[in-house]
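Read through the structure below, which is laid out as structure tokens, and then see the notes.
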Amino acid sequence: QVQLVESGGGSVQAGGSLRLSCVVSGYRYRWAFYCMAWFRQVPGKEREGVATIYTGGGYTDYADSVKGRFTISQDNAKNTLYLEMNSLKSEDTAMYYCTARYTYGRQCPFSFVSADSPWGQGTHVTVSS
């Protein structure tokens with residue numbers, strides 16, 4: 001069973017930056033055969049996809065609201081997924097979660113990555129204006 005532990009959240013002023021980390025363990029297959037993603041959720045709303053990556057390389061995708069500001073990346077040697085967040089806005093305030101799902105393919109749409117996938121405990125980001 002894949003286990004995920006997020007960290008790096010905190011409070012920051014609008015325009016600032018944060019880097020979230022997600023340590024992944026317990027994965028059964030080679031690291032390169034996974035879709036991994038960051039989602040976020042605010043109370044009363046559905047969890048929404050923020051950024052997704054194919055760990056074998058060649059694919060990333062972002063929600064329109066974060067394109068050009070957020071960057072998803074991975075470090076195989078450290079079993080860690082990252083989310084670099086720049087030019088933060090108050091609307092980025094949320095609980096951020098990571099998830100991972102084994103894949104045969106190279107595309108990682110949010111709907112695929114989040115289906116029947118494990119979640120970490122989340123890390124909270126607060127952006128004040």
Side-chain angles (χ1 to χ4, degrees):
Q1 177 76 356
V2 174
Q3 296 179 325
L4 310 107
V5 179
E6 302 96 335
S7 62
S11 296
V12 64
Q13 289 195 328
S17 299
L18 282 174
R19 187 175 81 157
L20 306 184
S21 299
C22 172
V23 177
V24 185
S25 61
Y27 51 94
R28 181 177 178 182
Y29 305 100
R30 282 181 58 195
W31 176 271
F33 296 144
Y34 282 85
C35 289
M36 296 189 180
W38 289 94
F39 284 71
R40 65 187 180 188
Q41 188 171 26
V42 297
K45 291 192 175 181
E46 295 277 327
R47 192 172 294 185
E48 66 170 351
V50 176
T52 179
I53 188 168
Y54 172 60
T55 53
Y59 178 95
T60 57
D61 197 16
Y62 298 88
D64 288 342
S65 59
V66 307
K67 280 181 181 176
R69 301 188 298 122
F70 290 12
T71 303
I72 189 170
S73 63
Q74 52 160 331
D75 187 333
N76 186 358
K78 296 182 179 180
N79 295 346
T80 302
L81 179 72
Y82 299 101
L83 185 68
E84 186 75 36
M85 305 187 295
N86 298 313
S87 302
L88 282 162
K89 305 176 180 179
S90 57
E91 51 263 44
D92 296 319
T93 295
M95 185 72 82
Y96 284 72
Y97 302 90
C98 60
T99 190
R101 186 178 180 187
Y102 173 73
T103 181
Y104 292 103
R106 297 174 179 268
Q107 304 289 308
C108 297
F110 290 119
S111 58
F112 172 79
V113 189
S114 62
D116 194 29
S117 298
W119 298 93
Q121 83 290 347
T123 186
H124 198 269
V125 172
T126 300
V127 183
S128 56
S129 56

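Computation of the quantities below employed the complete heavy-atom set of this structure, encompassing side-chain atoms and omitting hydrogens, waters and symmetry-equivalent molecules. Predicted, not measured: the structure shown is a model, and the values here were computed from it.
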Q | Y82 backbone acceptor or donor facing R19 side chain under 3.5 Å | A | no
Q. Considering all heavy atoms of both residues, which atom of L83 and which atom of A51 are nearest to each other, and what is their separation?
A. CD1-CB, 4.0 Å
Q.
Between the side chains of K67 and D64, is the shortest nitrogen-to-carboxylate-oxygen separation below 4.0 Å, so that they form an ion pair?
A. yes
Q. Is L4 reachable from Y27 through a run of hydrophobic residues whose side-chain heavy atoms are each under 4.5 Å from the next?
A. yes
Q. Crowded around Q121 CD? As in, over 12 foreign heavy atoms under 6.0 Å?
A. yes
Q: Search all heavy atoms of G105 against all heavy atoms of Y54 and return the closest pair with its distance.
A: O-CE1, 3.2 Å
Q: Look only at the side chain of R69 and the backbone of S87, and say whether a donor-acceptor pair between them is shorter than 3.5 Å.
A: yes
Q.
Could you check whether any side-chain N or O of T99 sits under 3.5 Å from a backbone N or O of P118, counting only pairs where one atom can act as donor and the other as acceptor?
A. yes
**Q.** Smallest separation among heavy atoms of V2 and A100, with atom names
**A.** CG1-CB, 4.4 Å
Q | Side chain T93, main chain E91, donor-acceptor under 3.5 Å | A | no
Q: Report the distance from atom OG1 of T123 to atom OH of Y97, rounding to the nearest 0.5 Å.
A: 10.0 Å
Q) Roughly how far, to the nearest 0.5 Å, is the SG atom of C35 from the CG atom of D61? A) 11.0 Å
Q: Please report the shortest heavy-atom distance between F70 and R40, naming the atom on each side.
A: CE2-NH1, 4.1 Å
Q: Please check if F110 and Y34 belong to a single hydrophobic cluster, counting links between Ile, Leu, Val, Met, Phe, Trp and Tyr side chain heavy atoms closer than 4.5 Å.
A: no
Q: Fit a plane to each ring of W119 and F39, take the angle between them on a 0 to 90° scale, and name the class: parallel (under 30°), tilted (30 to 60°) or perpendicular (over 60°).
A: perpendicular
Q. Taking C-beta and beyond as the side chain, do V125 and M85 meet within less than 4.5 Å on heavy atoms?
A. yes
(Q) Are more than 12 heavy atoms, taken from residues, nucleotides or ligands other than E48, located less than 6.0 Å from that residue's CD atom? (A) yes
Q: Decide whether a cation-pi geometry holds between R28 and Y102; the criteria are a distance under 6.0 Å from NZ or CZ to the six-membered ring centre and an angle within 45° of the ring axis.
A: no
Q.
Has E6 got a side-chain atom pairing as donor or acceptor with C98's backbone, closer than 3.5 angstrom?
A. yes
Q. If you group Ile, Leu, Val, Met, Phe, Trp and Tyr by side-chain heavy-atom gaps below 4.5 Å, do I53 and V113 land in one group?
A. no
**Q.** Considering all heavy atoms, the nearest G8-L18 contact
**A.** O-CD2, 3.9 Å
Q: Provide the closest heavy-atom pair for W31 versus D75 in the form atom of the first, atom of the second, distance.
A: CZ2-O, 4.3 Å
Q: Is it possible for you to say whether Y96 and I72 belong to one hydrophobic cluster, with membership spreading through side-chain heavy-atom contacts below 4.5 Å?
A: yes
